There are 2 protein chains.
Amino acid sequence: MVDAVVEAAARILETRGLGGFNTNAVAERAGISVGSLYQYFPSKEAVVAALSVRERALLAAEVAAAAQSAASLSLEDALHRLAGAAIRRQLARPALARILDFEEQRLALEESDRATTRDIAGHVVALLRAHGAVLTVADLEKAAFDVIAIARALIDAAAGRGAVEPTALEGRIVRAALGYLTGLSHGAC
Amino acid sequence: MVDAVVEAAARILETRGLGGFNTNAVAERAGISVGSLYQYFPSKEAVVAALSVRERALLAAEVAAAAQSAASLSLEDALHRLAGAAIRRQLARPALARILDFEEQRLALEESDRATTRDIAGHVVALLRAHGAVLTVADLEKAAFDVIAIARALIDAAAGRGAVEPTALEGRIVRAALGYLTGLSHGAC
DNA sequence: CCATGATGCGAGTAATTACTCGTATTGCCT
DNA sequence: AGGCAATACGAGTAATTACTCGCATCATGG
């Protein structure tokens, strides 16, 4: 029931956007009444928050698996795995990902959600620490968040252009991330 | 009068966000009546669109100046100029920039606005063409949009973290952009 | 000082919508 | 079957808000 509402919310956000998102529409889409919806969620915001948690958890799982499989790889190969995970997730429902990225900042995030965010960043930080020798950045946490932001931006841009070739997109993300992480501020190669 | 409304809209968006943005609040903030507002703008959306045009034109001007001054520089130095321009603009009103980035996609953009967007990208494309020899990317237009997306993402991320050191941020953007533009897909340096 | 057109005003209207609550239905235990 | 608690229902309510329109005010020319 909760799941049905959350999925209905996702569909409404995808098709009608933030402006067309309302609880009546969500309840109808979920095949239940508004009254029932409010038995499971205290407010409209809570529905969006639950959806945010769900999507973030899916990303965290995919990233965790990628990090696991990338433990003994080079930095570049490891970044490829992570980029692939992010692409699979964000490209599965690009419109939804974009809206949630925008809203998440404003939502009163529960601790559980914030912990998931830390989880995702934590995997990236661990990977960076493992390859610390080749990095030209000092603050690994900041670098992790920035790399995630770069990946999101490039996936968004690709999705906005239409048809996406995931392998090429993966390469673009890795190149940008490697430049960020290992590039020299001033000087040739 | 038009300018007062547009600036009031900017302030409301910054302080109350998309959800708290309504024409009554904008009119009050602008020091005029709702009726007067609707003499100058046909709809609420038109106010946001006008604001979007204004902000985009400011960015275009700054980018044009930067591109001008970077005409004879190396790719890296030219990217520094462009990044600096983007940072000055987007960091001046980060919350506003973020909201407009999100809304612009959805807005029925007038031709004038779309032309400005093409202008900005055009400057980047021209710069890339001038340094085509060192690039490892083929599609310059796509690359330009992607580099812009990277810059936006890193500026947003920095703004979200709080206090920003513009010079360091500029360096991060340039490193990521250079990696994207000149990095090799597989292989060391 | 008046006439007239343009500009400004803001209470009002109709539509939307988050959320409630009294009633109906269901499922379970004896 | 009967009683009862839990769940589901959806019409209704109060608040918000995009936009209108009849009136007031102002500016200009004679």
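Here the structure is a predicted model, which means the values were calculated and not measured. Scope of the values below: all heavy atoms of this structure, side chains included, with no hydrogens, waters or symmetry mates.
- For the pair B:Thr182 (side chain) and B:Gly179 (backbone), a donor-acceptor distance under 3.5 Å is absent.
- Between the P atom of D:dT7 and the OH atom of A:Tyr40 lies a distance of 6 Å, rounded to the nearest Å.
- Taking a cutoff of 4.0 Å between a charged side-chain nitrogen and a carboxylate oxygen, A:Arg106 and A:Glu45 qualify as a salt bridge.
- Across the protein-nucleic acid pair, B:Glu28 atom CD and D:dT17 atom P stand 12 Å apart, rounded to whole Å.
- Per the geometry, CD1 belonging to A:Ile32 stands 8 Å off P belonging to D:dA8, to the nearest Å.
- Counting to the nearest Å, the C1' atom of C:dT17 and the CG atom of A:Leu37 are 13 Å from each other.
- Residues passing the salt bridge (charged side-chain N to carboxylate O under 4.0 Å, His left out) test with B:Arg161 are A:Asp146, sequence neighbours excluded.
- Among B:Arg81, B:Arg88, B:Arg56, the single residue meeting the salt bridge (Lys or Arg N to Asp or Glu O under 4.0 Å) criterion with B:Glu62 is B:Arg88.
- Side-chain contact check for A:Thr136 versus A:Leu181: every heavy-atom pair is 4.5 Å or farther apart.
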Grab the N/O contacts between the protein and nucleotides 19-27 of chain D below 3.5 Å, and write none if there aren't any.
from, atom 1, to, atom 2, distance (Å)
D:dC19, OP2, B:Tyr38, OH, 2.9
D:dC19, OP2, B:Lys44, N, 2.9

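- One finds no side-chain N or O of A:Ser33 lying less than 4.0 angstrom from the OP1 or OP2 phosphate oxygen of D:dG10.
- For the segment residues 4-21 of chain B, the set of residues with a heavy atom within less than 4.0 Å of an atom of DNA chain D comprises B:Phe21, in numerical order.
- For B:Arg114, there are no salt bridge (charged side-chain N to carboxylate O under 4.0 Å, His left out) partners, not counting sequence neighbours.
- Partners of A:Arg54 under the side-chain hydrogen bond (donor to acceptor under 3.5 Å, both in side chains) rule, at least two apart in sequence or in another chain, are A:Glu7.
- Under the side-chain contact (heavy atoms from CB on, under 4.5 Å) criterion, A:Thr15 pairs with no residue, sequence neighbours left out.
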